[in-house]
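In what follows, a structure is listed as structure tokens, so that the remarks can point back to it.
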Amino acid sequence: MASHRKPKQRSLTGGTAWTAAAVALAGAAATAMGGTGHADTRPTPAQVQAKVDRYQREAEEANEKYNGAKEKADEARQALDELRDEAARRTARLNAARNALGAFAAAQYRSGTVSPTLRLALSSSPEQYLRRASLAERAGSRRAAAVASIARQTRQLRRLRGEARHTLDQLRACQGALARHKRDSREKLAAAEALLDRLTDEQRRRYEAERAAKAAGEAGRDTPSGAAAPSMSGRAARAVSYAYGALGKPYVWGATGPYGYDCSGLTQAAWRAAGVALPRTTYTQINAGRRVSRAELAPGDLVFFYSGVSHVGLYIGDGRMIHAPRPGAPVRVAPIDQMPFAGATRPA
């Protein structure tokens with residue numbers, strides 16, 4: 001008789017047993033955490049603040065690059081317009097010269113030509129003929145000069161058109177850079193806002209309160225609008241006075257006033273009010289005027305920050321500056337120690 005046996009159950013040993021235990025523990029942990037199986041990865045407010053600060057600084061760097069590209073694009077556009085105007089004027093002159101020479105050639109064709117020897121033989125007055133021949137020779141010289149002038153004008157016009165094509169290529173490259181830097185800045189600001197959105201309502205309120213308290217501490221006591229330090233005079237005093245008048249105005253991407261500013265837009269506008277023309281970006285403003293050390297700082301100096309020279313403020317004395325900090329933060333007074341110092345320059 002055949003007997004029926006139960007199949008042997010294999011025991012879990014070694015690595016198999018460890019894996020099973022790990023799976024069981026993971027399942028228990030997932031159940032204890034609400035069945036999701038994933039830990040809460042929400043960043044802490046401190047982590048958010050650090051990343052938001054970095055994203056906003058990178059957005060400002062992109063903004064300064066945008067300002068530089070815009071300045072180059074404006075210059076290229078103006079140069080292109082001037083080249084096109086000059087080419088149009090030269091084209092008109094060239095066409096007029098060609099028309100005049102063409103009219104003379106047509107008249108020669110219609111009248112035909114007569115041998116100079118035969119003309120002399122038929123002439124009743126050899127003296128009159130020789131006088132007319134001399135005039136004709138001079139007229140021929142003038143026509144030769146006109147032909148040479150047309151050739152020269154043609155070469156000049158070709159060169160102008162070549163310059164215009166090159167300038168148009170430069171303009172298109174600048175326009176591409178403008179779009180790229182604008183996109184980079186917006187992406188960084190969007191990333192910063194997305195991080196803030198991951199905070200709980202309570203964390204967001206605490207974050208905003210801390211930022212507001214920090215801003216109030218940075219500002220200290222603001223001098224009344226339009227006032228300048230008693231020891232100041234001349235252009236620097238006018239630049240600082242203008243900056244005080246801008247306190248509280250919003251940070252506006254790419255703006256140079258009077259209703260909003262970015263960092264280099266504020267310093268440019270302040271010194272423009274003092275009669276000094278500064279370049280548009282932090283990268284070019286740091287080379288405007290005379291470099292000064294931190295120990296030599298005086299009101300009106302431009303102070304620059306970060307290794308990439310991506311931020312600038314206007315020094316007002318006592319270790320403080322007026323600057324346009326970042327999107328969402330208005331023009332304010334702040335200590336120059338709050339950011340890594342990169343250098344300073346004195347415009348006048």
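Just so it is clear, the model here is predicted, and its values are computed rather than measured. Along the sequence shown, residues carry numbers from 1.
- A pairwise comparison of heavy atoms in Thr167 and Ala79 identifies CG2-CB, 4.1 Å as the closest pair.
- The backbone N or O of Val309 lies less than 3.5 Å from a partner atom in the side chain of Thr282, making a donor-acceptor pair.
- Using modelled atom types and a 3.5 Å distance limit, the side chains of Thr267 and Gln285 yield a donor-acceptor pair.
- The aromatic rings of Phe305 and His311 lie tilted to each other, with the angle between the two planes from 30° to 60°.
- One finds the OH atom of Tyr261 at 8.0 Å from the OG1 atom of Thr256 (value rounded to the nearest 0.5 Å).
- A single hydrophobic cluster is seen to contain both Leu302 and Val276, as judged by linkage of ILVMFWY side chains at heavy-atom distances under 4.5 Å, directly or through other members.
- Listed by first then second residue, pairs satisfying salt bridge (Lys or Arg N to Asp or Glu O under 4.0 Å) with a partner in residues 161-171 read Arg159-Glu163, not counting sequence neighbours.
- Side-chain contact check for Leu80 versus Arg77: every heavy-atom pair is 4.5 Å or farther apart.
- Arg290 has no carboxylate O lying under 4.0 Å from a charged side-chain N of Asp301, or vice versa, which leaves the two without a salt bridge.
- In this structure, Ala239 and Ala274 approach most closely via the heavy-atom pair N-CB, 4.0 Å.
- A distance of 8.0 Å separates CG of Asp85 from CD of Glu82, quoted to the nearest 0.5 Å.
- Proximity of Tyr66 to Asp184: side-chain heavy atoms (C-beta onward) are nowhere separated by under 4.5 Å.
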| field | Intermediate values then yes/no, side chain to side chain donor-acceptor pair (under 3.5 Å), Tyr251 and Asn63 | value | CA-CA 12 Å; Tyr251 182 104; Asn63 180 34; 3.0 Å; yes

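- Here the closest heavy-atom approach between residue Pro330 and residue Pro325 is recorded as O-CD, 3.1 Å.
- Around atom NZ of Lys51, no more than 12 heavy atoms belonging to other residues, nucleotides or ligands sit under 6.0 Å away.
- Between the side chain of Gln268 and the main chain of Leu278, a donor-acceptor pair closer than 3.5 Å is present.
- Across all non-hydrogen atoms, the minimal contact from Gly265 to Arg280 is N-NH1, 3.2 Å.
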| said: Checking Arg57 against Glu60 for the salt bridge (charged side-chain N to carboxylate O under 4.0 Å, His left out) test, could you report, in this order, the C-alpha distance in whole Å, the side-chain angles of both residues, the deciding distance, and whether it holds? | reply: CA-CA 5 Å; Arg57 187 170 68 251; Glu60 188 173 40; over 6 Å; no

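- Here the closest non-hydrogen pair linking Ala255 and Gly260 is CB-O, 3.3 Å.
- In the hydrophobic clustering of ILVMFWY residues, with side-chain heavy atoms under 4.5 Å counting as a link, Tyr283 and Tyr306 come out apart.
- Lys188 and Glu58 are joined by a salt bridge, as a carboxylate oxygen and a charged side-chain nitrogen come within less than 4.0 angstrom of each other.
- Partners of Arg186 by side-chain contact (heavy atoms from CB on, under 4.5 Å), not counting sequence neighbours, listed by chain and number: Lys182.
- Taking CD of Gln78 as the start and CG of Leu83 as the end, the distance is 11.0 Å to the nearest 0.5 Å.
- To the nearest 0.5 Å, the span separating CZ on Arg84 from CG on Leu168 amounts to 6.0 Å.
- Val240 is connected to Val312 through a chain of hydrophobic side-chain contacts under 4.5 Å among Ile, Leu, Val, Met, Phe, Trp and Tyr, so both are in one cluster.
- Within the 3.5 Å criterion, the main-chain N or O of Ala87 finds a donor-acceptor partner in the side chain of Thr91.
- Using a 4.5 Å cut-off on side-chain heavy atoms (C-beta onward), Tyr242 and Leu314 make no contact.
- At least one side-chain heavy atom of Ile322 sits less than 4.5 Å from a side-chain heavy atom of Val331.
- No side-chain donor-acceptor contact under 3.5 Å links Asp262 to the backbone of Trp253.
- At least one donor-acceptor pair under 3.5 Å links the side chain of Thr345 to the backbone N or O of Ala288.
- Although no hydrogens or angles enter the test, the distance criterion places no donor-acceptor pair under 3.5 Å between the side chain of Gln170 and the main chain of Ala76.
- The shortest side-chain heavy-atom distance between Leu297 and Arg346 does not fall under the 4.5 Å cut-off.
- Here the CD-NE2 distance, from Gln338 to His323, works out to 5.0 Å after rounding to the nearest 0.5 Å.
- Residues Leu160 and Leu171 are members of separate hydrophobic clusters, defined by side-chain heavy-atom contacts under 4.5 angstrom among Ile, Leu, Val, Met, Phe, Trp and Tyr.
- Taken to the nearest 0.5 Å, the OG atom of Ser264 stands 12.5 Å off from the CD1 atom of Ile286.
- At least one side-chain heavy atom of Arg294 sits under 4.5 Å from a side-chain heavy atom of Ile336.
- Met339 and Val292 end up in the same hydrophobic cluster when Ile, Leu, Val, Met, Phe, Trp and Tyr side chains are linked at under 4.5 Å.
- The shortest heavy-atom contact between Pro258 and Lys249 is O-NZ, 2.8 Å.
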| request: Any chance you could lay out the side chain to side chain contact (heavy atoms under 4.5 Å, CB included) test for Glu86 and Gln156, step after step, and finish with the verdict? | output: CA-CA 11 Å; Glu86 180 64 18; Gln156 291 172 344; over 6 Å; no

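- For Trp271 (side chain) and Gly300 (main-chain N/O), a donor-acceptor pair under 3.5 Å exists by modelled atom type.
- Salt-bridge check for Lys72 with Glu75: failed, with every basic side-chain N at 4.0 Å or more from each acidic carboxylate O.
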